[in-house]
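Letters A, B, ... are given to chains in the order of the sequence lines, protein chains preceding strands, and every chain is numbered from 1.
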Number of protein chains: 2
Amino acid sequence: MAPDRNRRRIPDATVSRLPVYLRILGEQHDLGVDSISSDRLAELGGVNAAKVRKDLSYLGSYGTRGVGYEVAYLIFQIQRELGLTHDWPVVIVGAGNLGQALSGYGGFGARGFPVAGLVDVDASKVGTLVGGVRVRSIDELPQIVQSKRVSIGIVATPTASAQDAADRLVAAGVTSILNFAPTVLSVPPSIEVRKVDLAVELQILSYHEQRRIAGGAATTAARPRAVSAS
Amino acid sequence: MAPDRNRRRIPDATVSRLPVYLRILGEQHDLGVDSISSDRLAELGGVNAAKVRKDLSYLGSYGTRGVGYEVAYLIFQIQRELGLTHDWPVVIVGAGNLGQALSGYGGFGARGFPVAGLVDVDASKVGTLVGGVRVRSIDELPQIVQSKRVSIGIVATPTASAQDAADRLVAAGVTSILNFAPTVLSVPPSIEVRKVDLAVELQILSYHEQRRIAGGAATTAARPRAVSAS
DNA sequence: CGGGCTTTGTGAACGCGTGCACGAGTGCCT
DNA sequence: AGGCACTCGTGCACGCGTTCACAAAGCCCG
Ligand SMILES: NC(=O)c1ccc[n+]([C@@H]2O[C@H](COP(=O)([O-])OP(=O)(O)OC[C@H]3O[C@@H](n4cnc5c(N)ncnc54)[C@H](O)[C@@H]3O)[C@@H](O)[C@H]2O)c1
Ligand SMILES: NC(=O)c1ccc[n+]([C@@H]2O[C@H](COP(=O)([O-])OP(=O)(O)OC[C@H]3O[C@@H](n4cnc5c(N)ncnc54)[C@H](O)[C@@H]3O)[C@@H](O)[C@H]2O)c1
């Protein structure tokens, strides 16, 4: 029977909130605040205070009863747990609308995710400068990943090419992928994939809007929309 | 007809998966497939087959035992449930990097979310054409929302202005907000807010990368790791 | 027309996340 | 020093979501 073999595991739900706490703590730190209570942190983060304390307790007992948490120290602990003590260079595949916006956005580098490369298949785009980043050929992907020690890849290609982009990223040695294309990627189980699907977000909002109306009158006119998979 | 009681509530987790099923069904429909089993749909969606069936059962019993689901009919039912039987025009606040990428992206209009307006405070941007959409002054926001019957707003301003943008959207009559700024918006409880925070996504990936390294030594344990689909 | 095959729909068990409630520790004030 | 006010850390119960397992239901074929 393995005792505590697997490293202190932090629940997924908690992991997804830690970055939020981290950002708030950073803001408070900049404001000169050096101690903060779970109540205040919960208020700023829009969550329950008990949840904040439980989340932070997974990192260890870094609070002081009767006082709160020391902001600077807590920031360090969260960064350590999230692996943010060093930079994680990322490579972006697809220099289109979205890829360009991402490259031009300084927020990533500032948060420890510098753009190590931006690649595209379109020869006419290769060599052009986009948001301070030069577009390179997708053939250089393995070389970029290897030399810059990139482990996170971003898929910003059209839907039809997303699987190809993911395959190339995996082949090049990337182990985590952030996918912006509205499609389910098929990758080896050891690869971590997260998706950002704006259409899904809008459709969830649509559901709630429709539901909001449903209380009033009869069902809305049912005209089937064209089914298209772009 | 059967006594159609008030709309049954659909679990949040299910609502967030319905758009995925819908997209897959659309693709299959375009491929000429007119019947599909929960097994196949689960495979394409990267989820459990029982989950698919349970999710779809919230819409009603629209499958045929021994056969599967009729693709076209199921598409219609999901669209009806998500409120996609008609368009939901959206208004984008902030015509910067991201706002422009969103405006230029045709995928929204194609999926029933046409851009009814793109507004900005920057006078030098007002009047310019971005991705086929003309940037208008933020002062016109109420008028746009009213005349175009907009109920969904998108915040694409810098972090510091996000709360202001949200306030203006709410004041103008918008009831759902999609927030791209990395900040917690404060809005009346009746307003539905969803956020898309790329930094959070990257930091979650960072956590897993860091963890991968930390436990790399003796961890050959075959702990089945499903592809995380949030 | 009945038997075998397929697939749905769902009851039930399980596991995880949430939020409450409260004991335990800390600092401050008298 | 003792009391008091405050806040953390966490045991516990509850509810939601996931998954299994299987009866019900439909199709096909001989
Ligand atoms: N632009 C947006 O606002 C937006 C919003 C939501 C979702 N998306 C999604 O993001 C993705 C990109 O959108 P976009 O607007 O930037 O598209 P785009 O067409 O503007 O750009 C895609 C780029 O990818 C390149 N590309 C194509 N195949 C490739 C391959 N196999 N390898 C490498 N590069 C390849 C193309 O040359 C092009 O430069 C799409 O899947 C889209 O659905 C975009
Ligand atoms: N660009 C990206 O790839 C990216 C990625 C992740 C997150 N984000 C987030 O998206 C948001 C926008 O990013 P961006 O790169 O487009 O920024 P940007 O600076 O390029 O554009 C912001 C735009 O908002 C306008 N604006 C400012 N205050 C406003 C107000 N009160 N009302 C209306 N408009 C206002 C500005 O004039 C500007 O045109 C930011 O919060 C950023 O953190 C962007």
Spacing of [X] atom [atom1] relative to [N] atom [atom2], expressed in whole Å:
X: A:D39; N: D:dC8; atom1: CG; atom2: P; result: 7 Å
X: A:L41; N: D:dT7; atom1: CG; atom2: P; result: 13 Å
X: A:Y73; N: D:dC8; atom1: OH; atom2: P; result: 16 Å
X: B:K51; N: C:dC16; atom1: NZ; atom2: C1'; result: 13 Å
X: B:E43; N: C:dT7; atom1: CD; atom2: C1'; result: 16 Å
X: B:D55; N: D:dT19; atom1: CG; atom2: C1'; result: 12 Å
X: A:D12; N: D:dT18; atom1: CG; atom2: C1'; result: 14 Å
X: B:L56; N: C:dT10; atom1: CG; atom2: P; result: 12 Å

* Counting any heavy atom closer than 4.0 Å, what does A:R17 reach on the DNA or RNA strands: base, sugar-phosphate only, or nothing? ->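 Sugar-phosphate contact only.
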* To do: Would you indicate what A:Y58 reaches in the nucleic acid, counting non-hydrogen atoms under 4.0 angstrom: base, sugar-phosphate, or nothing?
  =>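 Contact class for A:Y58: none.
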* **Side-chain N,O (B:S57) to OP1/OP2 (C:dG9) below 4.0 Å** => no
* Asked: Is there a side-chain polar atom (N or O) of B:Y69 under 4.0 Å from OP1 or OP2 of C:dG9?
  -> yes
* salt bridge (charged side-chain N to carboxylate O under 4.0 Å, His left out) assessment of A:R168 paired with A:D164 -> CA-CA 6 Å; A:R168 288 173 185 265; A:D164 174 58; 3.1 Å; yes
* **Base of C:dT8 paired with side chain of B:R65 (donor-acceptor, under 3.5 Å)** => yes
* Asked: To the side chain of A:R53, which of C:dT18, D:dG9, D:dC27 is closest?
  ->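 Per side-chain heavy atoms of A:R53, the pick is D:dG9.
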* Could you walk me through whether A:L18 and B:Q203 pass side-chain contact (heavy atoms from CB on, under 4.5 Å), step by step? => CA-CA 9 Å; A:L18 289 178; B:Q203 289 177 5; over 6 Å; no
* Going from CZ on B:R194 to NE2 on A:H208, what distance comes out if it is rounded to the nearest 0.5 angstrom? ->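 So the CZ of B:R194 and the NE2 of A:H208 are separated by 7.5 Å.
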* Which residue lies more 5' along DNA chain D, comparing A:G66 with A:K54 via nearest heavy atoms -> A:G66
* Take A:T14 and A:T64, find for each the nucleotide of DNA chain C with the closest heavy atom, and name the residue whose nucleotide sits nearer the 5' end. => A:T14
* Taking for each residue the nucleotide of DNA chain C with the nearest heavy atom, is it A:N48 or B:A50 whose nucleotide lies nearer the 5' end? -> B:A50
* Asked: Could you walk me through whether B:Q163 and B:T183 pass the side chain to side chain donor-acceptor pair (under 3.5 Å) check?
  -> CA-CA 8 Å; B:Q163 184 61 53; B:T183 187; over 6 Å; no
* Search all heavy atoms of A:A199 against all heavy atoms of B:F108 and return the closest pair with its distance. =>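 Heavy atoms only, the tightest pair is N-CE2, 4.4 Å.
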